[in-house]
Amino acid sequence: GGDDLVIGVSTSVRDTGLLDELVDEFKRQRPDQAATVKPVAAGSGQLIELALRGEVDILIIHLPGAEAKLIADGDGIDRRELMHNFFALVGPPDDPARAQSTLTMAEALKRIAATEKTFISRGDNSGTHLREMALWRQAGIDPVGESWYQESGAGQGQSLLVASDKGAYTLVDSGTFVVFQERLELELYVSDEEPNQYSIIRVNPDKHGVNEAAALAFAEFLTSPAGQRIIAGFGLEKYGEPLFVPAGPGSDSEPAATPER
Amino acid sequence: MTQPKMGVRGILVERAGHRILFVEELDVSPGEVLAVVGPNGAGKSTLIHVLALLERPSEGEVLFDGRPVRGDLLPYRRRMAVVFQEPLLLDATVESNVGSGLSLRGVPRAERAHRVRRWLERFGIAALARRSAHTLSGGEAQRVSLARALVLEPEVLLLDEPFAALDEPTRQALIDDLDRALAETGTTVVFVSHDRAEALRLGDRVAVIIGGRIRQVGPPSQVFAAPADEEVAAFLGVETIVPGRISAVEEGLAVVEVSSCRVEAASALEGPSAGEVLVCLRPEDVVLSPAEDRPAATSARNRLPSVVRRVVRSGAQVRVELDAGFPLVALITKQSLEELSLEAGSRVVASFKATAVHLIPRHARPQSPSG
Amino acid sequence: MTQPKMGVRGILVERAGHRILFVEELDVSPGEVLAVVGPNGAGKSTLIHVLALLERPSEGEVLFDGRPVRGDLLPYRRRMAVVFQEPLLLDATVESNVGSGLSLRGVPRAERAHRVRRWLERFGIAALARRSAHTLSGGEAQRVSLARALVLEPEVLLLDEPFAALDEPTRQALIDDLDRALAETGTTVVFVSHDRAEALRLGDRVAVIIGGRIRQVGPPSQVFAAPADEEVAAFLGVETIVPGRISAVEEGLAVVEVSSCRVEAASALEGPSAGEVLVCLRPEDVVLSPAEDRPAATSARNRLPSVVRRVVRSGAQVRVELDAGFPLVALITKQSLEELSLEAGSRVVASFKATAVHLIPRHARPQSPSG
Amino acid sequence: MELIWDGIREAFRLIFTGNAEVYEIAFLSLAVSGAATGIALIIGLSIASFLAFRAPPGRTLALSLLNSGMALPPVVVGLVVAVMLWRTGPLGQLHLLYTPAAIVIAQAVIATPVVTALSVVALQTLHPKLRLQVLALGASRWQAAWLLFREARLPLIAAAMAGFGAAISEVGASMMVGGNIKGSTRTLTTSTVLEVSRGNLEAAMALAFILLVLVYAVMLTLTIVQQRRRAS
Amino acid sequence: MELIWDGIREAFRLIFTGNAEVYEIAFLSLAVSGAATGIALIIGLSIASFLAFRAPPGRTLALSLLNSGMALPPVVVGLVVAVMLWRTGPLGQLHLLYTPAAIVIAQAVIATPVVTALSVVALQTLHPKLRLQVLALGASRWQAAWLLFREARLPLIAAAMAGFGAAISEVGASMMVGGNIKGSTRTLTTSTVLEVSRGNLEAAMALAFILLVLVYAVMLTLTIVQQRRRAS
Ligand SMILES: Nc1ncnc2c1ncn2[C@@H]1O[C@H](COP(=O)(O)OP(=O)(O)OP(=O)(O)O)[C@@H](O)[C@H]1O
Ligand SMILES: Nc1ncnc2c1ncn2[C@@H]1O[C@H](COP(=O)(O)OP(=O)(O)OP(=O)(O)O)[C@@H](O)[C@H]1O
Ligand SMILES: [Mg+2]
Ligand SMILES: [Mg+2]
């Protein structure tokens with residue numbers, strides 16, 4: 001494989017700015033790697049494609065189903081959980097579907113469907129989109145094709161802007177919502193019960209010509225207390241709350257904890 | 001005199017800080033053909049542009065039918081037609097080029113086709129009708145450009161060297177044709193030409209522009225016979241222009257001393273009747289006869305024994321350069337050349353009438369043009 | 001004869017399926033000046049393009065110094081200079097336009113500046129040196145175009161109507177100048193002109209192109225005196241061309257019946273010595289005298305009583321259209337006009353020498369050109 | 001590499017199976033970019049005529065601004081147009097955001113400087129006296145413009161093609177002001193981007209191929225019109 | 001609306017506080033797009049000379065392809081170039097992906113059809129006999145090309161500006177083949193997009209403004225060169 005370390009990163013991680021901080025710190029710690037680190041942000045589906053072709057060395061991704069398949073097929077190895085936040089249902093301030101008073105996501109979605117209030121779906125096979133589909137299934141509704149169900153096919157932030165402009169509901173990860181909140185006329189009504197889990201997967205060096213050593217080093221760094229501490233603190237200063245919850249304790253040299261499922 | 005069809009008053013055109021045209025006053029009567037002549041860069045094309053209302057002079061105004069041109073220029077422009085020095089044809093067929101002015105005026109298709117055809121035939125380019133204008137030869141393009149203007153049958157026709165690229169038989173035929181057509185239709189014409197013969201042939205009056213100013217305007221014979229100043233004389237091809245001094249004026253004839261010779265001139269000289277002058281003589285006014293000839297009873301008052309310096313064929317004629325005490329040029333026919341069997345060194349007598357001599361006061365200043 | 005400097009063999013140029021030039025053979029000797037004349041659209045410019053190696057004919061080849069031109073054309077092109085019919089100047093100053101050919105040849109700056117200046121002065125445009133070429137008047141542009149070619153001092157000079165836009169004094173001066181300069185440097189020249197006088201003045205030989213073919217090549221006097229066919233004759237301005245019939249040949253003189261008249265001709269007629277012919281007569285060869293004049297002892301064998309139909313001034317000369325039983329044109333001077341006091345209806349005697357009459361067999365076919 | 005071939009194969013499948021959604025998207029792309037180019041041409045030719053023929057003072061300045069306009073990143077145009085069209089923005093009352101009309105506006109903003117800047121040059125390369133000749137023939141102001149446009153059709157059609165190319169190939173602005181909403185504002189480029197981010201690279205290739213085939217049909221037509229009778 | 005003013009204010013702050021990262025990004029943008037335009041000019045002028053002067057058979061076809069090339073979506077170009085440069089791609093051994101060189105290649109692919117198509121037209125609008133005149137003056141093939149380029153400098157510089165505009169304003173390809181890697185392949189447009197997706201619209205505006213100021217400096221220079229001595 002090449003000497004570069006190509007890191008495939010989900011766009012939401014890049015968009016928040018967390019990626020830059022992590023990479024900067026990694027470069028500081030490993031000056032030998034500094035010149036070769038190439039973090040590349042892309043849609044989750046695109047990341048999986050790249051991994052399958054051995055075009056990236058390591059992934060930071062939140063796409064549970066595809067992650068499992070990647071590992072099952074032997075293209076990915078060494079999955080480690082990195083951090084998480086939550087999905088949330090957001091909608092217009094007057095809450096025409098009265099989602100506020102529901103307890104679960106599925107229930108809220110049922111109300112939206114019942115009242116036929118506009119719902120913006122990202123429709124891009126991203127983690128958020130996949131989770132949204134799962135929630136619709138839970139609610140027992142197939143919204144695709146309904147006039148109130150619109151697929152924006154855009155990034156997370158863009159979808160929020162669309163929803164805000166149209167006075168629509170949408171599903172969003174809590175981190176992105178925090179970042180965009182002040183531009184939006186949207187309020188958070190229901191939080192998802194399941195976390196939005198980001199994990200690290202290395203591409204299998206036995207199957208693809210990848211930069212194993214560097215990828216391992218980066219994975220180690222991310223799960224190290226130093227890496228975890230950055231995650232824990234990220235966003236505090238700017239938004240008053242952290243955007244992600246690190247998977248590990250974020251202190252000392254303990255290995256990252258395996259989260260309860 | 002009827003009211004002038006077109007005119008200019010106090011026109012000044014400047015380019016890059018240079019005055020390239022300055023005309024106090026110039027009028028063209030209805031139906032008149034004004035020939036504009038002058039050396040290269042004199043401002044002739046500029047004058048045409050000003051008259052065509054295509055160039056706004058920095059000072060002065062253009063008159064049309066006696067009134068200053070103001071407001072929308074389109075109605076005026078539609079009463080004129082212009083042939084530019086370069087034939088700027090549109091990237092279309094010959095036919096649609098020639099018809100373009102008509103279709104801009106909304107002339108119906110059928111009439112347009114008819115008129116276009118007539119003028120194409122008149123210019124001998126009917127066979128080129130469907131050809132793309134950009135494939136034409138130089139002369140063919142100029143014919144199209146001419147036809148495009150004439151098909152409009154305008155009140156005023158402005159022509160800038162319209163015949164320069166035409167072959168000689170065509171040019172002659174066209175000039176004949178045009179002369180007749182213009183007289184019939186009463187079109188007012190201003191045309192620029194380098195060809196003095198053309199100007200003489202077509203022009204009712206001739207205007208001489210030199211250095212951006214009109215130096216002289218008048219009937220061709222007058223302008224050619226009595227150039228207003230040295231530059232005009234030189235330009236008009238008065239090839240013998242020698243300095244002299246008026247020594248006496250007898251019976252309306254001035255006696256001028258030129259080098260060692262005496263020349264009698266009937267030229268009406270304004271200003272001081274004695275002093276330094278330029279003696280102008282047109283080569284075709286000089287007649288040559290054998291040196292031994294007895295003086296015949298002719299009206300030629302000046303008879304100067306001369307030596308032939310050089311014989312040059314010039315078209316159908318022969319130019320003989322003589323030394324008559326001063327340089328003198330004569331234009332004679334081939335027959336005369338044969339009969340006199342002239343060659344360099346031959347001795348001849350050069351004679352010319354006193355009326356053929358034109359005197360210009362020395363250091364003459366350009367005059368204001370007289371309309 | 002020395003080896004020709006340039007020549008063409010079996011040249012065929014086609015455009016859009018039309019044969020626009022077809023020349024079997026044409027040679028130009030070193031130092032010779034070949035004048036090419038012909039009506040508009042005849043193919044003159046095309047011939048220049050072919051000679052300049054700018055247009056590859058679909059058939060035939062161009063010879064340079066006796067050998068066919070093959071391979072890289074650049075070395076050949078660098079030994080020639082071309083003046084196009086339109087002055088295509090580069091968007092730069094006059095100076096750098098005139099110097100462009102030299103700088104392409106890598107002539108050092110100092111020498112270039114010197115030569116450019118000399119030629120600018122020669123063409124009277126030194127004052128325009130720093131002007132942008134696109135602001136020039138028509139004649140100024142043509143001077144620049146000429147200077148740009150002549151500054152190269154080439155072996156072969158190809159000129160396509162180089163003087164059309166020049167004013168007459170300049171043109172005369174330039175032709176004089178050029179004539180001398182070309183003779184001195186031994187430059188081989190092919191030049192196209194509409195002006196018959198120019199062709200006569202400058203050309204060592206004249207080639208007449210009509211309809212894409214060279215109809216006649218020869219010394220000017222021969223070509224003008226004995227046009228090869230009717231079209232050549234008409235183009236060259238032999239204005240009287242009337243059909244006749246040879247009735248007898250006596251003592252080397254052909255007696256031709258034209259309408260009701262008899263005309264004697266000394267023209268050497270090839271082919272059948274009797275039959276239908278065209279009688280050609282140049283207007284300047286016709287002498288007019290008063291009708292009552294007794295026949296003088298002149299060499300004019302033909303004396304035809306005629307009636308004046310029309311009198312037309314044509315430049316410094318006068319064209320008199322006569323009816324002599326058939327239409328006849330005479331060119332006379334202003335003096336003669338005055339002396340004879342001619343006007344429409346006057347009776348005169350038109351006389352011309354038998355040697356001035358040229359006979360062309362009727363329905364003559366174009367001949368192959370003879371180099 | 002085989003990705004590209006797979007994409008082309010997929011494109012043919014989509015075209016020939018009559019995939020309604022693809023047809024709809026393709027039609028929207030052409031309609032929107034065509035409209036934007038039309039607007040750009042109207043504005044561009046007016047400004048260009050003024051700048052080229054009137055040669056007003058400050059023309060070079062105006063031209064340099066127009067030329068800079070050719071480098072406007074679509075995403076910036078999208079952002080600015082979105083700001084205008086936001087509900088709280090100055091044009092919010094029109095409720096145009098996330099409609100095809102918004103994309104037309106944004107693409108027109110992108111195409112106009114391209115069309116204008118190239119048209120100015122197109123008209124400037126005409127023989128300077130040709131305008132006088134046309135006026136001398138008796139053309140009114142509009143007739144003169146029309147005749148001169150016809151004379152300059154070669155570079156003017158090139159300008160139009162460049163404008164159309166810029167409009168139909170951009171994605172940032174369409175995304176921003178259109179929102180890539182399925183069945184409404186999804187164009188070939190935005191759905192290509194979507195397919196890329198979904199990881200459906202063959203599908204992305206297929207859409208791109210369909211785009212290029214459509215574009216080629218348009219450009220071929222225009223090129224033939226442009227080059228007609230320029231043969232000799 | 002105030003977003004735009006805030007953006008401009010932010011731009012001035014970034015410029016005058018000497019934000020090293022911004023300077024670096026701006027420099028990279030100019031360098032990369034300049035290089036891409038240079039490559040496009042070399043290729044474009046060669047092809048254009050051939051098509052315009054030789055008028056080979058099939059010229060209209062070639063031109064229509066070039067014109068279609070003006071409508072290549074950057075993201076598609078990015079995808080294709082990326083496929084070529086992938087580790088497993090035909091040019092993988094060069095290790096160019098996610099380097100500035102890759103962006104140069106992708107932008108050159110974008111700019112070349114623009115420059116070429118417009119240059120063909122630029123050369124076609126020259127007086128057809130001018131080429132003969134130049135050859136008649138004794139110009140070699142290269143000298144002739146140079147002189148004719150100079151004559152056509154007005155539309156050729158416009159072609160170069162359009163190519164540069166297309167290159168520097170595109171984002172899809174830079175993103176795809178450059179990866180928008182901080183300190184390495186981040187350009188003004190990719191970071192603008194990044195700021196937009198981060199919701200930092202003022203910052204995005206500021207970067208866009210800086211881009212436009214730089215572009216304006218380049219375009220003004222080129223426009224002045226282009227329009228010089230065209231005054232009269
Ligand atoms: N921009 C300019 N700067 C300086 N002089 C200029 C400019 N444009 C034109 N001129 C000059 O104006 C003069 C008049 O030009 P014009 O075309 O009227 O001459 P002309 O009499 O028609 O000459 P020609 O017989 O050569 O056609 C010329 O000497 C020309 O060089
Ligand atoms: N594409 C074409 N299709 C048909 N005929 C053409 C084409 N291009 C040129 N011709 C014709 O070729 C002929 C020769 O042109 P050329 O320019 O050589 O004439 P010329 O003798 O120089 O005429 P002029 O005295 O008018 O300059 C012209 O009649 C012209 O119309
Ligand atoms: Mg002029
Ligand atoms: Mg010609």
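What you are looking at is a predicted structure, and each value in this text was computed from that prediction instead of being measured. Sequence lines set the chain letters: A, B, ... in the order given, protein chains first and strands last, and positions in each chain run from 1. Values reported hereafter were calculated over all heavy atoms of this structure, with side chains retained and with hydrogens, waters and symmetry mates removed.
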In terms of heavy-atom pairs under 4.5 Å with chain A, the winner among Leu194(E), Thr185(E), Leu97(E) is Leu194(E)

Considering only heavy atoms from C-beta outward, does the side chain of [X] approach that of [Y] to under 4.5 Å?
| X | Y | result |
| --- | --- | --- |
| Val210(A) | Arg87(E) | yes |
| Pro39(A) | Ile181(E) | yes |
| Arg186(E) | Asp20(A) | yes |
| Arg183(A) | Leu201(E) | yes |

Interface check, chain E: of Gly155(A), Gly17(A), Ala41(A), most non-hydrogen pairs under 4.5 Å belong to Gly17(A)

Honestly, the part of Gln156(A) sitting under 4.5 Å from a heavy atom of chain E is neither

The interface call for Arg53(A) against chain E, heavy-atom contacts under 4.5 Å, is both

Thr16(A) backbone acceptor or donor facing Arg198(E) side chain under 3.5 Å: no

### Query
So Met176(E) and Gln46(A), side chain to side chain contact (heavy atoms under 4.5 Å, CB included) or not? Walk me through it.
CA-CA 11 Å; Met176(E) 189 83 76; Gln46(A) 192 181 351; 3.7 Å; yes

Within 6.0 Å of NZ in Lys207(A), more than 12 heavy atoms from elsewhere:
yes

Review point. Would one find more than 12 heavy atoms of other residues, nucleotides or ligands at under 6.0 Å from atom OH of Tyr23(E)?
Key: yes

ask   = Between Thr88(E) and Glu55(A), is any side-chain donor less than 3.5 angstrom from a side-chain acceptor?
value = yes

Heavy-atom nearest pair, Tyr98(E) first then Val6(A), reads CE1-CG1, 3.7 Å

For Leu50(A) and Trp86(E), the nearest pair of non-hydrogen atoms, with its separation, is CD2-CZ2, 3.6 Å

Q) Are any of the side-chain nitrogens in Arg14(A) or Glu195(E) under 4.0 Å away from the carboxylate oxygens of its partner? A) no

The interface call for Ser184(E) against chain A, heavy-atom contacts under 4.5 Å, is neither

